[in-house]
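Here's the structure, in structure tokens; my notes come after.
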Amino acid sequence: MKRGKNVKDVVSTRVKLSILAVGLLSFTGILIETSMNVTFPTLTKVLNVSLGTVQWLTTGYLLLTTMVMSTTAYILKKFNPRKVFIFAAVLCLIGSIVCMIAPNFPILMSGRLLQAVATGLSTPLMFNLIFLEVPQSKLGLYTGLAGVVISLAPALGPTYGGIVNRIWTWREIFVGVIPLIIILFLIGYFSIQGEAPGTKEILFDYGSVIGLAIIFSMILFTFDQAGAHGWISLNFVGWLIASIAVIGIFSWYNRRSSRQLIDFSILKLPVLRLRLFSYFSLQFINIGLSFVLPIFAQTALKLDSAQAGLMLLPGSILGAIVGPFAGYLYDKKGALIPLLFSGSLITIGSALFWFKSESLTLTSITLIYIILRIGFNFGFGTSLSDGSMQVQGSKKSDQNSLFSMMQQYAGSLGTNVLSVVISAVALTSGTKNIVYNTILGTKIDFIVLTVLSLLVLVSVIYVYFRYEKKNN
């Protein structure tokens, strides 16, 4: 839906610097998260722990980040942006130092959890500054730029981590970001302004935080059961039923509670609900592929960690370039064109991975990933921008927190589900051939992503004909 120009459409240098500082702090947290994935084989030996234990450096980080994001609707109303930023930057710095000097796994895990809190605060804060301080006429452009921060870091992480771990050690991953965090702290301290709107006597809902933590953990554990025991096992079915029951109880509690974590009533808005689905699905596909493709490349194609990370680099760079253009297009023409283009490209890319799964090469993976990343970046920021247009006033904090929380959990769930599919294939295939099981499991992953991409495309078309066309 086309919108008229806002008279006051100039973004000041101070606002640009404030968004840059918070955005790069968020980028740093996500970069470290995905950088650590390629160091797991090394860490199991150095820290003398199992792969199942060391993977909690990612799983635990993502889970805590998601939970912190669920609280930001309240936090961003309660505290002014500068205080939130300072707290996040200090935690990120302390967490990086703790990880850098960690002598064992528990201390390393503690540092990662401090960084999780920092990322959980900085990402919603970045979007909150954009929604509050950027004129509506440039909202798409700046949201597109912010989307680049979230989408580029996961793809660059394996490259950064693989190269650093190969040349030096895993500790240098943290050494490299400490000077950047200090610089960002100084920029943010002097540029971030604004007052907290206040909570209007609304009490913080600790019950919802606990409820969401239980739900998110149970869903991840439920899929783990499928990987360990199979999709038709009593373990999986039992936990699935239990998860659905807990979600029902949480919904009942949330409707009756006088306290508030997020105003979930905004989900009654159909366009916002469908834009959230697109936003969640795109991140599920993005993070899922950044996990699956390096595993496929190292197992089936026998590439090393640095090569597996570098093959994602061209797509990541090109995707980052088109992100702001997609935002500009949204500002001028509305949501339909960039979202339709996005849905089409991610469907084509996922389908190509599916059909060529048994004959993929380094070159073909790189080229198909370029198609998919361009599609991703055309839709990711646009879904968020259009979602934010559905609410006004203080409800923007709720929308921002909800979208941030769900995109973070989408990454965790995407990694979990796609890895479980590969594990379940190894469990039921009748062979212990790792290469065969990886190729077959990855093919099923690509089918899942193709179906999800189609649903995103259908949701875009549905919103246009059901809601937007009537208003034009």
Yes or no on side chain to side chain contact (heavy atoms under 4.5 Å, CB included) for M389 and L272, after CA distance, side-chain angles and deciding distance?
-> CA-CA 9 Å; M389 294 301 297; L272 184 143; over 6 Å; no
Between [Y] and [X], is there a side-chain heavy-atom distance shorter than 4.5 Å?
X: S208; Y: Y253; answer: yes
X: L43; Y: L57; answer: yes
X: M67; Y: M405; answer: no
X: L413; Y: F216; answer: no
X: V391; Y: D398; answer: no
X: T450; Y: F353; answer: no
X: V322; Y: R373; answer: no
X: R275; Y: V463; answer: yes

Point-to-point distance, once rounded to the nearest 0.5 Å, from [atom1] of [X] to [atom2] of [Y]:
X: D445; Y: I285; atom1: CG; atom2: CD1; result: 12.0 Å
X: S35; Y: Y160; atom1: OG; atom2: OH; result: 6.5 Å
X: N286; Y: S281; atom1: CG; atom2: OG; result: 12.0 Å
X: Y369; Y: I374; atom1: OH; atom2: CD1; result: 11.5 Å
X: N128; Y: L121; atom1: CG; atom2: CG; result: 12.0 Å
X: I461; Y: L336; atom1: CD1; atom2: CG; result: 8.5 Å

Look at the side chain of [X] and the backbone N and O of [Y], then say whether any donor-acceptor pair between them is shorter than 3.5 Å.
X: T123; Y: G120; value: no
X: T71; Y: V68; value: yes
X: R112; Y: Y61; value: no

Please lay out, stage by stage, how M218 and W239 fare under the test side chain to side chain contact (heavy atoms under 4.5 Å, CB included).
-> CA-CA 7 Å; M218 284 185 70; W239 276 97; 3.9 Å; yes
Is there a donor-acceptor contact under 3.5 Å linking the side chains of S191 and S18?
-> no
Can you find a side-chain donor-acceptor pair between S401 and Y74 that sits under 3.5 Å?
-> no
Walk me through it: do I337 and F378 pass the test side chain to side chain contact (heavy atoms under 4.5 Å, CB included)?
-> CA-CA 9 Å; I337 295 176; F378 255 88; over 6 Å; no
Kindly list each side-chain donor-acceptor pair under 3.5 angstrom involving residues 338-350, sequence neighbours excluded, with atom names and distances?
unit_1: S342; atom_1: OG; unit_2: G375; atom_2: O; d: 2.6
unit_1: S342; atom_1: OG; unit_2: G379; atom_2: N; d: 3.3
unit_1: S344; atom_1: OG; unit_2: L340; atom_2: O; d: 2.8
unit_1: T347; atom_1: OG1; unit_2: G343; atom_2: O; d: 2.7
unit_1: T347; atom_1: OG1; unit_2: S453; atom_2: O; d: 3.4
unit_1: S350; atom_1: OG; unit_2: I346; atom_2: O; d: 2.8
unit_1: S350; atom_1: OG; unit_2: S453; atom_2: OG; d: 3.2

Applying ring-ring contact (aromatic ring centres under 6.0 Å, His included), name anything that partners F403, two or more places apart in sequence or on another chain.
-> Y279
In sequence, state the C-alpha distance, the side-chain angles, and the governing distance for L125 and T72, and then conclude on side chain to side chain contact (heavy atoms under 4.5 Å, CB included).
-> CA-CA 8 Å; L125 177 59; T72 53; over 6 Å; no
For [X] versus [Y], what's the shortest heavy-atom pair and its separation?
X: L62; Y: T66; value: O-OG1, 2.8 Å
X: L17; Y: I187; value: O-CG2, 3.7 Å
X: F185; Y: A89; value: CD1-CB, 3.8 Å
X: F284; Y: L418; value: CE2-CD2, 4.5 Å
X: I173; Y: V164; value: N-CG1, 3.7 Å
X: M406; Y: F280; value: O-CD1, 3.1 Å

Counterpart residues, side-chain hydrogen bond (donor to acceptor under 3.5 Å, both in side chains), relative to S404 (two or more places apart) = N400
Please check if atom CZ in F105 has more than 12 non-hydrogen atoms from other residues, nucleotides or ligands closer than 6.0 Å.
-> yes
In terms of heavy-atom contacts, does OH of Y328 have more than 12 from other residues, nucleotides or ligands at under 6.0 Å?
-> no
Presence of salt bridge, R14 and E133, under 4.0 angstrom = yes
